[in-house]
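Scope of the values below: all heavy atoms of this structure, side chains included, with no hydrogens, waters or symmetry mates. Residue indices begin at 1 and follow the sequence shown.
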Amino acid sequence: MNVRVSRHGQAAAFGAAGILLGLTFLGPPRLSAQDAAAFTLTGQIIDAVNETPVIAAVIKVPDLRRFAFTDVNGRFAFTDFPEGTWDIVVEQLGYHTLDGSVTVAEGNGLVLRLNPDPIELEGLRVRTRSERLLDGRRRGVPFRVVRIPTETIANAINPDPTAVFRFNAAAPITGCSGEADEWMTPGCVVVKGTPTPISIFLDEGPLLGGMVEFAAMSNLEIHSMEWIPRMAMLRVYTRGFIERLDNTRISLVPLVW
């Protein structure tokens, strides 16, 4: 099994004890969804420390653009799931993101263990409307989403927002044209071996000036960022926009993939 480590929390290993009915990691070459036989994939997400079910965790399969949530017993199911080797991302608040690949076939089940990522709470704090809306949209995207929070941006040694993004994105950021003057504000990311232009959105609207315009922003204006590597999409939220989300009834634009 191949497991990648998220910069925002070291990924827990897919537990060998979590194999049901002979599930095999490191299997045959990846099959396409069109060529593979379909079956119902069932599984369970549990806490790696106390072995209790993890409720409402989201399991994402980026290659299939599908996701599912665990129930009160930590169980999940995907119908019409193709046999083969697939990348799987598991996310839940309070746990390290699990990001790896597994080989599955009919008759197999899947048990995955999440390592806790304790969150310090300063007394009881109610989630704001903006937090609920953004978290809901992140969980509804079938790809891994890297969140760069306010604290990370405010405490960055280099205040250039493009530098903060590159440092925290944990992605192969590169120039698009290969010209020497691109090294300061590279605007592409390597997706499946191909340099792909990064789409930047500022407060739900496209930032037409790209990385150059983004670099001209003050980090004091920026509340947070969300980076979706598979979509080559960076979403930037200003403090003013977050305040409007909290105090008005405006909604977020649904993401299309």
Side-chain angles (χ1 to χ4, degrees), residues 1-19 23 25 41 43-71 74-76 78 85-104 110-121 127 131-153 164-173 189-192 224-235 237 255 257:
M1 175 198 62
N2 302 317
V3 177
R4 292 183 293 278
V5 178
S6 169
R7 178 174 292 276
H8 297 282
Q10 296 181 350
F14 282 87
I19 303 173
L23 175 64
F25 300 94
L41 174 66
Q44 186 179 29
I45 309 298
I46 60 177
D47 187 298
V49 175
N50 56 30
E51 299 290 313
T52 57
V54 178
I55 302 171
V58 58
I59 302 91
K60 302 180 179 182
V61 188
D63 287 333
L64 301 179
R65 302 188 177 190
R66 296 179 64 182
F67 61 92
F69 294 94
T70 55
D71 61 16
R75 299 189 180 279
F76 66 91
F78 286 98
T85 302
W86 306 101
D87 290 337
I88 291 182
V89 179
V90 185
E91 300 172 341
Q92 177 55 305
L93 184 65
Y95 290 88
H96 291 296
T97 296
L98 189 59
D99 186 358
S101 59
V102 295
T103 298
V104 294
L110 185 62
V111 173
L112 304 177
R113 287 171 165 76
L114 292 185
N115 280 338
D117 181 17
I119 300 174
E120 288 189 23
L121 298 178
R127 294 178 70 198
E131 289 174 327
R132 294 195 303 271
L133 290 174
L134 289 170
D135 181 63
R137 186 167 70 176
R138 281 194 300 271
R139 289 166 65 83
V141 175
F143 310 117
R144 181 168 63 95
V145 181
V146 179
R147 182 173 182 269
I148 305 175
T150 307
E151 297 77 14
T152 299
I153 298 170
V164 176
F165 159 62
R166 292 196 303 273
F167 182 79
N168 291 276
I173 308 299
V189 61
V190 178
V191 178
K192 293 185 176 182
S224 55
M225 308 179 203
E226 292 175 347
W227 167 237
I228 311 174
R230 193 62 176 272
M231 299 176 68
M233 178 184 293
L234 174 63
R235 306 196 74 91
Y237 305 106
L255 297 188
W257 51 85

Ignoring hydrogens, what is the shortest heavy-atom contact between [X] and [Y]? Give both atom names and the distance.
| X | Y | answer |
| --- | --- | --- |
| P142 | R66 | CB-N, 3.6 Å |
| S101 | D87 | CB-OD1, 3.4 Å |
| F143 | P62 | CE2-O, 3.3 Å |
| I59 | F78 | O-CZ, 3.6 Å |
| A57 | I45 | CB-CG2, 4.5 Å |
| A171 | W227 | CB-NE1, 3.5 Å |

Any [X] side-chain heavy atom under 4.5 Å of [Y] side chain:
| X | Y | value |
| --- | --- | --- |
| F67 | V141 | no |
| I228 | W257 | no |
| L110 | I88 | yes |
| Q44 | P53 | yes |
| V145 | K60 | yes |
| R235 | L255 | yes |
| E226 | M233 | no |

Exercise for review: In sequence, state the C-alpha distance, the side-chain angles, and the governing distance for R138 and L134, and then conclude on side-chain contact (heavy atoms from CB on, under 4.5 Å).
Suggested key: CA-CA 6 Å; R138 281 194 300 271; L134 289 170; 3.7 Å; yes
Revision key, fill the gap. CG (D47) and CZ (R113) are apart, to the nearest 0.5 Å, by 10.0 Å
Point to revise | Reported CZ-to-CG distance for the pair R144 and D99, which is rounded to 0.5 angstrom | key: 5.5 Å
Practice item. Could you give me the CA-CA distance, side-chain angles and deciding distance for I46 and V111, then say whether side-chain contact (heavy atoms from CB on, under 4.5 Å) is met? Key: CA-CA 7 Å; I46 60 177; V111 173; 3.9 Å; yes
Study note, to complete from the structure: The residue among V146, I148, N168, T152 that forms side-chain contact (heavy atoms from CB on, under 4.5 Å) with M225 is I148
Practice item. Run through N115, V90, L114 and flag the one making a side-chain contact (heavy atoms from CB on, under 4.5 Å) with H96. Key: N115
**Study point:** Exercise: do T52 and N50 side chains pair donor with acceptor under 3.5 Å
**Key:** yes
Practice item. Please step through side-chain contact (heavy atoms from CB on, under 4.5 Å) for the pair D117 and Q92, ending with a clear verdict. Key: CA-CA 10 Å; D117 181 17; Q92 177 55 305; over 6 Å; no
**Study point:** Check: F69 main-chain N/O paired with R139 side-chain donor or acceptor under 3.5 Å
**Key:** no
Review point. Do D135 and R127 meet the salt-bridge criterion of a basic N to acidic O distance under 4.0 Å?
Key: yes
